[in-house]
Amino acid sequence: MKIINQTNRTLLFEEVNPEKLDLITLVGDVKELDSLDDDKINEINEHLLVESFEEFLRKFSPTIYSYYNAANQKVVYTSKRPEGVPNDGITEIKLNENNDFLKMLFTLIDTKKSQGTENVDFKFENILDMISPKKVMEDIKQVRKEINYLYSKYEDLDDEDPKKLDLGDKLNIKFEEASQNYNNVLGMLPLAIEDIKTRLLLGGSQEDSEAEEIQIGMLTMGDDGELKILEAPKEEEKALAERGEEQRNALVEVFEEDYEEITENPTGYVKDLVVRTFAPISTPKTDIDVEKEVQNYNNYLEFYKNTKDDFVKAAKPLIEKLLGIKMFFEQYETKNNNMKPELLVTNSKPEMLIKTNNKPRLETFLNTVNAKNNFAETIWFGIVPNIELDASNKVQTRRQRFKGTNKTKKAKGNTLETLTAILDLCKDYKVQVFFNFEANENTTFNDMATKGVDKYIEKSKILTNQEYSEYAVPCLPNFTVIPKDKSGVVLDSKMLYENEGVVLSKAEEDILKLWLEGVYIDASYIAAGLVAAYQCPDYLRERFRKVSTSYPGVRFDIESGDNALKATTTLAKEISGFTNVIKDSINRNNFGFVFSSENNQLDGKLIKRITVYKARSLGMTDDIFDSIYKTIMSTYIERMLRFKTSDFKEDKIIKFFSNNPKSQKSEWISNKGYVNSILQEGDDINYNIDPESNLCQLDLAFNGNVKNLEVEITKSSATG
């Protein structure tokens with residue numbers, strides 16, 4: 001660990017925010033350059049390197065842009081800043097942990113993890129409800145409660161009291177939260193929807209309610225002792241309304257002033273809405289135009305449903321990337337952070353990186369960080385998600401007799417040709433690339449449980465028997481956050497204005513529902529995240545008894561023994577398991593980095609997490625796909641050999657492999673027995689120098705299977 005201090009830095013070939021700097025731009029012109037200078041690498045790291053999801057959100061600020069089209073009265077959403085639209089006409093929606101959609105997905109993943117419930121039994125609707133207007137309003141009410149609490153304490157203190165000044169700082173933050181949507185009418189819609197319901201349905205529950213006339217009353221006993229609620233005298237009603245209202249009125253003034261100061265085009269209706277939301281009245285208004293308010297409510301609800309639907313369509317591809325990146329970091333589930341996985345985001349589309357004019361920039365960057373004996377910046381792994389997978393042929397119909405699947409235009413995936421070009425370059429710098437086919441309902445655990453792995457093998461054939469094959473790691477199946485058939489969100493019901501009052505409609509057609517069309521995570525993020533995690537000795541020490549702190553996890557074989565049951569993913573099981581027929585097929589082919597959702601026990605405890613079943617690359621030995629550790633291990637040994645022998649000097653190579661107790665080989669042999677020993681039982685390492693060709697042949701034996709490496713030796717003066 002003193003020489004190679006990290007073996008898990010990962011390069012993500014993906015665009016996240018086109019408004020931010022990317023690897024192509026930062027590297028710049030590389031004509032006549034062999035490598036980049038240290039300042040340039042530091043600049044790249046400053047902009048593109050992250051070691052947590054929180055840091056990723058800060059550096060890349062993933063954003064969805066929206067603007068209003070007056071021609072068709074619609075809100076338009078796009079993941080790229082729209083050209084031709086003035087900046088003051090564009091609203092930026094930051095996709096961070098405060099975004100209601102992302103917050104809902106994070107909560108869902110955490111809840112599933114804590115329950116360990118399979119998809120078929122999990123109550124998705126209970127979590128999906130978080131993006132309905134009433135749940136958004138609950139968050140607003142919490143902010144309101146905190147504002148009222150802080151304001152009451154603030155008002156009770158003297159102006160110069162330091163405590164009052166501290167409370168003023170906290171109030172400023174809370175008002176900033178409250179004012180986020182003053183200029184965003186769409187953001188105010190959930191408030192308006194719930195506000196109308198509160199005012200019109202004040203006399204009953206929201207689920208089954210009719211509006212009733214409200215008169216403030218008082219409880220009395222009649223002449224015969226009977227209980228009666230009599231209308232309060234006007235003076236007493238007024239006293240009731242005024243009691244405790246002084247503080248509220250002061251808060252109303254603050255909100256009114258704040259709204260008018262911040263809002264570009266203030267309106268009386270929205271100002272009243274803000275005040276009612278954050279400083280609600282204690283008695284209902286009687287001068288409500290009920291018919292108009294019902295019309296507003298239904299219009300708001302319909303508009304909210306349509307715009308939310310458009311937002312989801314535009315934002316989902318980016319949100320699924322964010323989920324993948326979050327899951328990459330979450331696989332490092334450990335208390336210590338001695339070898340924390342790092343992610344370097346290219347922030348460029350993979351197809352852009354391998355264009356003729358850009359490829360030399362990527363090559364120069366990799367040459368700089370991977371072809372030196374300074375291993376702090378070395379890239380060990382790569383992630384290329386979302387490779388296109390041809391769908392099965394669909395029967396074409398002459399006319400649509402019944403309403404069928406609404407095929408929304410999906411975001412374009414990465415092509416196999418792009419992946420091939422990336423692999424061909426990465427092999428030269430010994431970067432092992434994890435990839436997966438597009439994440440949708442056709443590449444899930446459910447699909448693989450019924451159809452097996454044949455389509456993945458068939459699609460990957462072109463990548464086998466190539467020089468880069470051992471650096472290609474197909475990951476399957478993809479992970480399901482919300483299944484397509486369970487992705488409906490009930491927003492609310494339309495309101496009806498009838499002679500007897502106002503009611504929420506119970507008719508099926510009046511229930512407004514939003515369909516998310518399923519949310520999925522690319523398996524390559526989780527596979528790369530898990531492999532990057534178990535490179536750290538501290539991660540292994542929390543799961544295994546015998547771990548050496550001197551070595552990374554390059555020789556750790558997750559397929560061996562109970563290793564997969566101890567080093568699990570952080571995600572909950574999705575299905576009850578694969579049938580024996582499917583498992584036999586997986587075992588027979590030994591193909592890919594395969595995840596498993598099986599019923600397993602370890603030391604009497606149920607394993608409720610998804611585990612690794614196979615961890616293979618597309619490299620082959622004796623017609624069997626190789627375990628990924630063989631490539632990681634051989635890369636580690638070659639880099640150690642280069643460092644220790646001053647770039648393969650012959651005399652130092654001989655010393656490296658000598659029987660001297662202090663030689664590197666002797667040290668590795670004497671430290672067998674750990675789960676991360678460089679040489680395990682049954683392993684061996686030998687060399688043969690051919691003086692005529694000036695080559696050194698390395699034979700790495702992994703439990704009987706031999707892997708060959710070849711390096712060009714440097715003749716020392718002593719050996720002529």
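For this chain, numbers begin at 1 and follow the sequence in order.
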Going by an N to O cut-off under 4.0 Å, is there a salt bridge joining [X] and [Y]?
X      : Y      : value
Glu92  : Lys94  : yes
Asp100 : Lys308 : yes
Asp309 : Lys313 : yes
Glu14  : Lys321 : yes
Lys74  : Asp310 : no
Asp158 : Lys164 : no
Glu330 : Lys326 : yes

Whether over 12 other heavy atoms sit under 6.0 Å from Lys340 NZ | yes

Full working for side-chain contact (heavy atoms from CB on, under 4.5 Å) between Val490 and Ile511 | CA-CA 7 Å; Val490 175; Ile511 298 173; 3.8 Å; yes

Please lay out, stage by stage, how Phe479 and Phe445 fare under the test side-chain contact (heavy atoms from CB on, under 4.5 Å).
-> CA-CA 7 Å; Phe479 291 67; Phe445 280 92; 4.2 Å; yes

Only residue of Glu509, Glu302, Glu508 satisfying salt bridge (Lys or Arg N to Asp or Glu O under 4.0 Å) with Lys494 is Glu302

Whether the side chain of [X] engages the backbone of [Y] through a donor-acceptor N/O pair (distance < 3.5 Å, no angle test) should be reported.
X      : Y      : value
Asp522 : Ser524 : no
Tyr259 : Thr267 : yes
Gln331 : Met327 : yes
Thr63  : Ser61  : yes
Glu320 : Tyr520 : yes
Asp258 : Val254 : no
Ser487 : Glu517 : yes
Thr480 : Ile482 : no
Thr25  : Leu21  : no

Check whether the ring centres of Phe175 and Phe255 lie less than 6.0 Å apart, and answer yes or no.
-> yes

Not counting sequence neighbours, which residues clear side-chain hydrogen bond (donor to acceptor under 3.5 Å, both in side chains) with [X]? List them please.
X      : answer
Glu542 : Thr334
Glu146 : Gln142, Lys174
Lys163 : none
Ser66  : none

Give a yes-or-no answer on whether the side chains of Asn436 and Asn386 include a donor-acceptor pair shorter than 3.5 Å.
-> no

Compare every heavy atom of [Y] with every heavy atom of [X], then report the nearest pair and how far apart it is.
X      : Y      : answer
Leu157 : Asp161 : CD2-OD2, 3.8 Å
Glu51  : Glu342 : OE1-OE2, 3.7 Å
Ala314 : Thr78  : CB-N, 4.3 Å
Pro190 : Tyr304 : CG-CE1, 3.5 Å
Val16  : Asn347 : N-OD1, 2.8 Å
Glu19  : Tyr65  : CG-OH, 3.0 Å

Applying side-chain contact (heavy atoms from CB on, under 4.5 Å), run through Asp166 and Lys170 and close with a yes or a no.
-> CA-CA 7 Å; Asp166 288 340; Lys170 292 178 181 178; 5.5 Å; no

Could you state the interatomic distance from [atom1] ([X]) to [atom2] ([Y]), rounded to the nearest 0.5 Å?
X      : Y      : atom1 : atom2 : result
Leu200 : Lys197 : CG    : NZ    : 11.0 Å
Leu26  : Glu46  : CG    : CD    : 9.5 Å
Thr569 : Leu571 : OG1   : CG    : 5.0 Å

I want to check something: taking the side chain as every heavy atom from C-beta on, are [X] and [Y] in contact at a cut-off of under 4.5 Å?
X      : Y      : value
Lys513 : Val489 : no
Ile521 : Ile526 : yes
Glu15  : Ser348 : no
Glu293 : Met495 : no

Dump the intermediate steps for salt bridge (Lys or Arg N to Asp or Glu O under 4.0 Å) on Lys271 and Glu260, then the final yes or no.
-> CA-CA 8 Å; Lys271 182 172 75 173; Glu260 289 172 349; 2.7 Å; yes

Is the Phe101 ring parallel, tilted or perpendicular to the Phe311 ring (thresholds 30°, 60°)?
-> perpendicular

Can you list the residues that meet the side chain to side chain contact (heavy atoms under 4.5 Å, CB included) rule with Lys59, with sequence neighbours excluded?
-> Val50, Glu55

Cation-pi check, Lys20 to Phe60: give yes when NZ or CZ is under 6.0 Å from the six-membered ring centre and within 45° of the ring axis, no otherwise.
-> no

By ring-ring contact (aromatic ring centres under 6.0 Å, His included), Phe53 pairs with (sequence neighbours left out) Phe56, Phe106

